[in-house]
Amino acid sequence: MKIATFNVNGVNGRLPVLLRWLAEAAPDVVCLQELKAPDERFPIGAIEKAGYGAIWHGQKSWNGVAILCRGADPIETRRGLPGDPDDAQSRYIEAAVNGILVGCLYLPNGNPAPGPKFDYKLAWFRRLTAYAAGLLDLKVPVLLAGDFNVMPTDLDVYNPARWQEDALFRPEVRSAFHALVGQGWTDALRALHPDERIYTFWDYFRNAWGRDAGLRIDHFLLSPELAPRLAAADVDRAVRGWEKASDHAPEWIELAEPGPKAGRR
């Protein structure tokens, strides 16, 4: 099974890019972030024509998350992250897909830091960590995928010194990510590529793509019940170079079928 996560940076404006990539990569499950569209403007017709069922949680102009499933409709299990009934931002959606509980998330950016946006980011991270602990207690295959807006280590950023005070790299944010992973999650890309510089994001400014001045801020976290099935993980970085591309490239993992052969690579 091939599962991908892709911050599309506007699902309608980047729809040709998304549809082309779906046709070429043929993922079985896709987590999308930053839809930048209210629910009624999600392009479900085009998505279904491409062969995918979908659930989505939109928001006008900002945020928004969705889960696509090839040839089937995801079974929604949660819409919105618990812990703050006043939080109206569309940043989390969850579904049961092919025997796996899939959580798709778009963690707040948090800039400028310090400030209210950074405080919201840390609070959201705490809510995610608390909720993730409950998911692990289920003892079932679970993955959390999406744009976490954090570079966990120096290896995940082209120039660590330049990013020291940024909300994506401040020590509080990296500590929050490591605390989350420390619950028992496996960082899929790092599990298979422990020493490689692999990026998922290149800014539109300062020729970041041309200079390969990238960041790894999109992640897959796998529960202990799912991690042994991890067979491959990579980034479709060429998509970032397409016309009118998102500033993110799709990241994907491949999972072996459950059973005696799971975990063999």
Side-chain angles (χ1 to χ4, degrees), residues 5-7 9 31 33-34 36 59 62-65 80-84 86-92 103-133 144-191 193-209 211-222 235 240 246-249 251:
T5 182
F6 189 10
N7 181 322
N9 191 15
C31 295
Q33 303 88 41
E34 216 170 345
K36 294 182 176 179
Q59 183 177 340
W62 306 102
N63 307 320
V65 285
L81 190 68
D84 183 356
D86 296 324
D87 185 3
Q89 298 192 23
S90 301
R91 294 185 175 273
Y92 187 84
C104 171
L105 64 96
Y106 177 43
L107 207 138
N109 177 287
N111 279 306
K117 291 184 178 181
F118 189 63
D119 294 341
Y120 172 65
K121 177 174 190 165
L122 294 179
W124 207 95
F125 229 136
R126 288 191 294 269
R127 289 163 55 200
L128 175 64
T129 302
Y131 182 65
L144 296 174
D147 180 355
F148 283 72
N149 268 317
V150 54
M151 298 90 78
T153 71
D154 286 3
L155 190 62
D156 302 309
V157 52
Y158 71 95
N159 183 359
R162 180 189 177 280
W163 290 83
Q164 292 299 318
E165 296 304 316
D166 193 276
L168 279 67
F169 199 55
R170 285 178 65 102
E172 304 97 314
V173 174
R174 283 182 285 159
S175 293
F177 183 85
H178 294 310
L180 173 61
V181 175
Q183 293 178 332
W185 300 92
T186 293
D187 180 343
L189 193 72
R190 275 289 163 249
H193 305 279
D195 303 313
E196 295 181 44
R197 286 194 176 275
I198 301 177
Y199 302 135
T200 64
F201 170 90
W202 297 260
D203 207 330
Y204 290 127
F205 304 105
R206 298 180 295 278
N207 191 32
W209 170 243
R211 295 186 296 117
D212 195 26
L215 312 172
R216 186 177 78 101
I217 58 177
D218 304 272
H219 308 293
F220 277 97
L221 301 186
L222 310 184
V235 176
R240 176 59 179 83
S246 169
D247 43 10
H248 294 248
E251 180 182 352

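All values derive from a computational prediction rather than experimental measurement. Count residues from 1 along the sequence.
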Going from CH2 on W124 to CZ on R91, what distance comes out if it is rounded to the nearest 0.5 angstrom? 7.5 Å
With sequence neighbours left out, what residues match D195 under side-chain contact (heavy atoms from CB on, under 4.5 Å)? none
Under the ring pair (Phe, Tyr, Trp, His ring centres under 6.0 Å) rule, collect the residues that match up with Y92, sequence neighbours excluded. Y131
Can you find a pair of side-chain heavy atoms, one from V173 and one from L122, that are under 4.5 Å apart? yes
Contacts of type ring pair (Phe, Tyr, Trp, His ring centres under 6.0 Å), residue H219, not counting sequence neighbours: F148, F177
Taking atom types as modelled, is there a side-chain donor on Q183 or T129 under 3.5 Å from an acceptor on the other? no
W209: what forms a ring pair (Phe, Tyr, Trp, His ring centres under 6.0 Å) with it, not counting sequence neighbours? W202
Full working for salt bridge (charged side-chain N to carboxylate O under 4.0 Å, His left out) between R197 and D156: CA-CA 6 Å; R197 286 194 176 275; D156 302 309; over 6 Å; no
For N109 and K121, which heavy atoms make the closest approach, and how far apart are they? O-NZ, 2.9 Å
Below 4.5 Å, heavy atoms only, C-beta onward: do F169 and L215 meet side chain to side chain? no
Using atom types as modelled and distance alone, determine if a side-chain donor or acceptor of Q59 lies under 3.5 Å from a backbone N or O of G64. no
Got a sec, which pairs hit salt bridge (charged side-chain N to carboxylate O under 4.0 Å, His left out) with one end in residues 177-187, sequence neighbours left out? D187-R216
Applied to residues 170-180, the salt bridge (charged side-chain N to carboxylate O under 4.0 Å, His left out) test, sequence neighbours excluded, yields E165-R170, R170-E172
Minimum-distance pair of heavy atoms, taken over all atoms of N9 and N7: N-OD1, 3.0 Å
Would you sort out whether T5 and Q33 count as a side-chain contact (heavy atoms from CB on, under 4.5 Å), showing the intermediate values? CA-CA 8 Å; T5 182; Q33 303 88 41; 2.9 Å; yes
Which heavy atom of K117 sits nearest a heavy atom of P112, and at what distance? CD-CD, 4.2 Å
With sequence neighbours left out, what residues match E251 under side-chain hydrogen bond (donor to acceptor under 3.5 Å, both in side chains)? none
Can you list the residues that meet the salt bridge (charged side-chain N to carboxylate O under 4.0 Å, His left out) rule with D147, with sequence neighbours excluded? none
Atom of Y199, atom of Y158 and distance for their closest heavy-atom approach: OH-CA, 3.3 Å
If you define the side chain from C-beta out and look only at heavy atoms, does anything of S246 sit under 4.5 Å from R240? no
What's the separation between atom CG in L189 and atom CD1 in I198, rounded to the nearest 0.5 Å? 4.5 Å
Is there a side-chain contact between L168 and V150 in this structure, where contact means two heavy atoms from C-beta onward sitting under 4.5 Å apart? no
Residues in salt bridge (charged side-chain N to carboxylate O under 4.0 Å, His left out) with D212, at least two apart? R237
Classify the side-chain pair N111/D166 by whether it contains a donor and acceptor separated by less than 3.5 Å. yes
Using the rule given for side-chain contact (heavy atoms from CB on, under 4.5 Å), can you reason through H178 versus T153, listing the C-alpha separation, both sets of side-chain angles and the distance that settles it, and then say yes or no? CA-CA 10 Å; H178 294 310; T153 71; 4.2 Å; yes
To the closest 0.5 Å, what do you measure between SG (C31) and CZ (F220)? 6.5 Å
Quick one: closest heavy-atom pair of A132 and L144, and the distance? CB-CD1, 4.1 Å
With sequence neighbours excluded, what pairs up with F118 under the ring pair (Phe, Tyr, Trp, His ring centres under 6.0 Å) test? none
Distance-only polar pair, side chains of N63 and K36, donor-acceptor under 3.5 Å: no
A176: side-chain contact (heavy atoms from CB on, under 4.5 Å) partners, not counting sequence neighbours: F125
Residues D218 and H248: side-chain donor-acceptor under 3.5 angstrom: yes
Which pair of non-hydrogen atoms, one from L128 and one from L81, has the smallest distance, and what is that distance? N-CD2, 3.6 Å
Partners passing salt bridge (charged side-chain N to carboxylate O under 4.0 Å, His left out) against R127 (at least two apart in sequence or in another chain): D87
So how far is it from F201 CZ to I217 CD1, rounded to the nearest 0.5 Å? 5.5 Å
Tell me whether T186 contacts the main-chain N or O of A188 through its side chain, where contact means a donor paired with an acceptor under 3.5 Å. no
